[in-house]
Amino acid sequence: MDGKKEPEESQDTTSAGADSATTAVPMEDTNPSSSTESSQTSSTEPGLLPGETVVREGKAAILFPSANEVFYNPVQEFNRDLTCAVITEFAREHLAQRGVRILVPGEKDRVVVRLSEEKNGTEDQEASEQPEKERQKEEEGDKKEFITASVGERCEQGLRVLEGLAASGLRSVRFALEVPGLKSITANDYSAKAAALIARNAQHNNVSHILQARQRDASMVMYEARGKKERYDVIDLDPYGSPSPFLDAAVQAVSEGGLLCITCTDMAVMAGNSGETCYSKYGSMSIKSRYCHEMALRIILHSLDQRAAVYQRYIEPLLSVSVDFYIRVFVRVKTGQAVVKNSASKHALLYNCVGCGAFHLQRMGKKMSQGKHMKYSAATGPPVGPNCEHCRQRHQLGGPIWAEPIHDIKFVQKVLGAISGNPTRFRTSKRIEGVLSMVTEELQDVPLYYVLDHLSSTVHCNTPPMLQFRSALLHAGYRVSLSHACKNAVKTDAPAGVLWDIIRCWEKSNPVKRERLSETSPAHRILSAEPTLQACFEIREDANPQSRKRHLTRFQENPQANWGPKARAKAGGGISSELEDKRKQFQGKRKKPITDSSQLKSLPCKKFRKGTCTYGDKCCYSHELEQETNEKKMD
């Protein structure tokens with residue numbers, strides 16, 4: 001993800017990026033008759049201006065200029081589908097308290113999705129009792145009088161939704177057409193052209209009675225809605241790059257128990273390439289590591305909770321996903337001074353070994369029970385010595401990060417059940433089901449993860465099969481799971497010493513040439529110690545998770561050439577040819593190595609740029625490209 005970098009410049013609070021969580025990958029539709037087909041056509045429909053096209057996604061048909069005057073990325077369909085699914089389930093829960101029952105097209109009986117078969121008897125019994133409890137609640141609900149709310153209809157007791165950075169308004173139009181139980185949708189954008197386009201799209205899709213377009217600074221719209229009666233039930237922020245300029249206003253403008261939907265696409269910053277920039281934006285130091293994608297999720301949750309605590313509010317993460325080149329979090333915001341006091345113990349500093357990658361968390365605070373009262377104090381530490389106990393290398397200090405669970409499993413199960421029971425509702429339903437299934441299998445009380453490839457490469461040995469490595473951890477009495485954020489992740493409650501013992505046992509049957517290892521290298525120091533644990537690599541049945549057994553779509557290949565983050569929208573539209581050429585030049589460069597030395601002439605000489613190239617005309621790289629670039633800059 002961090003290979004596809006977003007600009008590191010700080011975001012202008014007056015620039016509307018929006019519908020910009022340059023998002024995930026549209027799945028191939030297995031149902032040709034599905035109404036959620038995504039397409040872009042040059043149409044002769046009435047109301048089109050010269051050069052405009054009609055973009056169809058879900059139930060929406062969006063008028064869109066051919067120039068890059070308003071931001072749009074078709075790869076975001078997964079993001080928008082997932083958001084519609086989450087808001088629908090949030091509306092179901094939230095509006096039930098107001099006496100409103102929502103009706104979703106194509107939805108039949110509710111499906112209760114079990115976490116997995118990797119549970120003990122007690123948990124299985126609880127899971128089997130869950131459908132009975134659901135039926136009892138439904139029977140009790142039938143005795144009450146409910147108002148029914150359908151999609152496309154205005155519900156007076158429904159949710160008030162704000163999309164702060166709406167661009168073309170595609171996301172808001174889809175909310176109006178696909179999410180029931182809405183009272184109003186405010187689609188805001190600072191760009192005059194974008195605001196005019198939103199109004200036209202609302203009229204074109206016949207949702208003007210629900211959707212209103214506004215042209216304001218997103219932060220000012222939210223600051224003016226801080227009053228309890230003016231707050232929004234759902235706020236969706238999907239900026240180009242970092243959402244940090246809008247977070248302070250967002251945590252104040254969302255209602256009690258309301259939903260915040262936040263996207264970050266500045267993964268170059270959050271994944272450790274610019275730790276100092278990450279600290280200035282989110283109040284947390286990011287570090288380069290194998291678990292950088294989950295750490296990015298925990299950084300944005302830390303930032304949200306810290307800003308909410310200023311106003312005696314706190315967050316409850318419902319769902320946090322790292323997909324492709326961006327992250328997306330859904331959090332519920334509540335108010336409570338007593339809970340805010342516990343905020344320090346929810347965050348932790350991170351110690352990461354630069355040699356072997358072992359990591360340790362240090363909580364910022366601790367709480368102790370004293371009868372009916374709780375006592376809060378500073379935590380004691382650090383949990384590590386000056387050097388790593390495994391390879392004797394130094395530690396990096398990162399964070400603080402959110403150290404509590406990043407998902408609400410019960411809520412995720414409900415969303416997953418709705419998707420499984422109505423698979424034709426979204427075009428990306430298969431991928432949503434795969435990602436959410438992995439989320440339900442993750443160890444919720446274990447922050448971050450190791451990567452199996454990195455563990456084996458640290459000691460320069462062959463990589464053990466994932467099932468055998470997971471089985472070894474289970475035989476040793478520890479829990480283990482995969483992670484939706486990384487294909488080869490090992491999320492476990494086992495300490496780093498146990499992982500290295502398993503690697504040492506594996507190395508004995510797959511020996512490394514010790515004479516080639518430097519005595520000061522992490523590999524030599526780790527392998528020099530004898531394992532205290534004798535690992536058993538016999539494959540266990542519960543080592544293979546259900547999502548893997550069912551062959552669910554979990555990690556998907558790139559959908560098209562030159563996909564990923566798109567160029568920022570600009571006045572007058574268009575994308576510079578230099579950006580397009582650079583994108584094509586570097587797309588898939590690791591998969592297509594240069595085999596012919598003559599091809600090197602198409603690449604600029606880095607030493608020539610620094611003035612240190614001594615080869616002159618004999619250099620295999622091009623000096624002319626550098627000269628042309630400098631002349632353009634001079635002009």
Side-chain angles (χ1 to χ4, degrees), residues 81-115 126-127 129-151 153-162 175-176 178-185 231-236 254-262 313-321 328-336 339 405-422 425-426 432-433 436 439-440 444:
D81 286 353
L82 180 61
T83 303
C84 288
V86 169
I87 295 180
T88 299
E89 204 55 46
F90 174 78
R92 195 191 308 274
E93 286 186 1
H94 207 69
L95 297 184
Q97 304 171 8
R98 304 180 187 179
V100 179
R101 175 179 293 166
I102 65 173
L103 301 177
V104 181
E107 190 172 84
K108 300 178 182 178
D109 295 336
R110 299 303 309 281
V111 179
V112 179
V113 178
R114 295 169 60 185
L115 296 181
E126 292 176 355
E129 294 174 354
Q130 197 169 4
E132 183 64 28
K133 294 179 181 178
E134 292 287 337
R135 284 195 295 270
Q136 291 177 0
K137 289 182 180 179
E138 290 179 0
E139 291 175 0
E140 294 175 359
D142 291 337
K143 298 178 182 179
K144 301 178 182 179
E145 293 185 1
F146 279 93
I147 301 172
T148 58
S150 303
V151 295
E153 297 179 358
R154 177 184 172 91
C155 177
E156 292 300 328
Q157 292 80 23
L159 304 178
R160 297 179 66 241
V161 180
L162 169 67
F175 290 166
E178 300 177 34
V179 179
L182 302 183
K183 180 179 181 180
S184 66
I185 303 172
R231 290 175 177 171
Y232 294 95
D233 298 299
V234 179
I235 296 180
D236 191 308
V254 68
S255 63
E256 180 65 17
L259 179 67
L260 270 184
C261 314
I262 308 292
R313 311 194 82 181
Y314 61 95
I315 68 168
E316 293 180 349
L318 298 180
L319 174 64
S320 308
V321 292
R328 179 77 163 164
V329 296
F330 301 89
V331 302
R332 184 181 279 125
V333 180
K334 293 184 178 181
T335 305
V339 181
I406 60 177
H407 315 290
D408 182 336
I409 293 301
K410 291 183 179 180
F411 182 84
V412 176
Q413 281 181 288
K414 292 179 181 179
V415 178
L416 179 56
I419 294 293
S420 302
N422 191 7
R425 184 184 179 193
F426 302 116
I432 294 176
E433 184 179 1
L436 296 187
V439 165
T440 61
Q444 299 303 311

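- The nearest pair of heavy atoms linking Asp233 to Gly158 is OD2-O, 4.0 Å.
- Although no hydrogens or angles enter the test, the distance criterion places no donor-acceptor pair under 3.5 Å between the side chain of Arg160 and the main chain of Lys183.
- Counting all heavy atoms, side chain and backbone alike, Leu95 lies closest to Gly181 at CD1-O, 3.4 Å.
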Please lay out, stage by stage, how Arg425 and Ile432 fare under the test side chain to side chain contact (heavy atoms under 4.5 Å, CB included). CA-CA 12 Å; Arg425 184 184 179 193; Ile432 294 176; over 6 Å; no
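- The distance from atom CG of Asp408 to atom CZ of Arg332, rounded to the nearest 0.5 Å, is 7.0 Å.
- Considering CD1 of Ile409 and CG of Leu319, their distance stands at 9.0 Å, rounded to 0.5 Å.
- In terms of heavy-atom proximity, Ala91 sits nearest to Leu159 at CB-CD1, 3.6 Å.
- Between Ala418 and Glu89, the closest heavy-atom pair is CB-OE1, 3.9 Å.
- The distance from atom CG of Leu259 to atom OG1 of Thr83, rounded to the nearest 0.5 Å, is 9.0 Å.
- Under a 3.5 Å cut-off, the side chain of Asn422 and the backbone N or O of Pro105 do form a donor-acceptor pair.
- Ser420 places a side-chain heavy atom less than 4.5 Å from the side chain of Glu433.
- For the atom pair Arg101 CZ and Ser150 OG, the distance stands at 12.0 Å (nearest 0.5 Å).
- Between the side chain of Glu256 and the backbone N or O of Thr335 there is at least one donor-acceptor pair closer than 3.5 Å.
- For the pair Val339 and Lys334, the minimum side-chain heavy-atom distance is 4.5 Å or more.
- The pair Arg92-Glu107 meets the salt-bridge criterion, since a charged nitrogen lies less than 4.0 angstrom from a carboxylate oxygen.
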Please lay out, stage by stage, how Val86 and Phe411 fare under the test side chain to side chain contact (heavy atoms under 4.5 Å, CB included). CA-CA 9 Å; Val86 169; Phe411 182 84; 3.9 Å; yes
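- Between Pro405 and Pro317 the shortest heavy-atom distance is O-CG, 3.8 Å.
- Rounding to the nearest 0.5 angstrom, the gap separating the CD1 atom in Ile419 from the CG atom in Leu82 is 8.0 Å.
- Just one of Ile262, Leu318, Ile406 meets the side chain to side chain contact (heavy atoms under 4.5 Å, CB included) condition when paired with Val329; it is Ile262.
- Closest approach of Ala176 to Ile185, counting heavy atoms only: N-CD1, 3.5 Å.
- Taking CZ from Phe175 and CG from Asp236, the interatomic distance works out to 4.5 Å, rounded to the nearest 0.5 Å.
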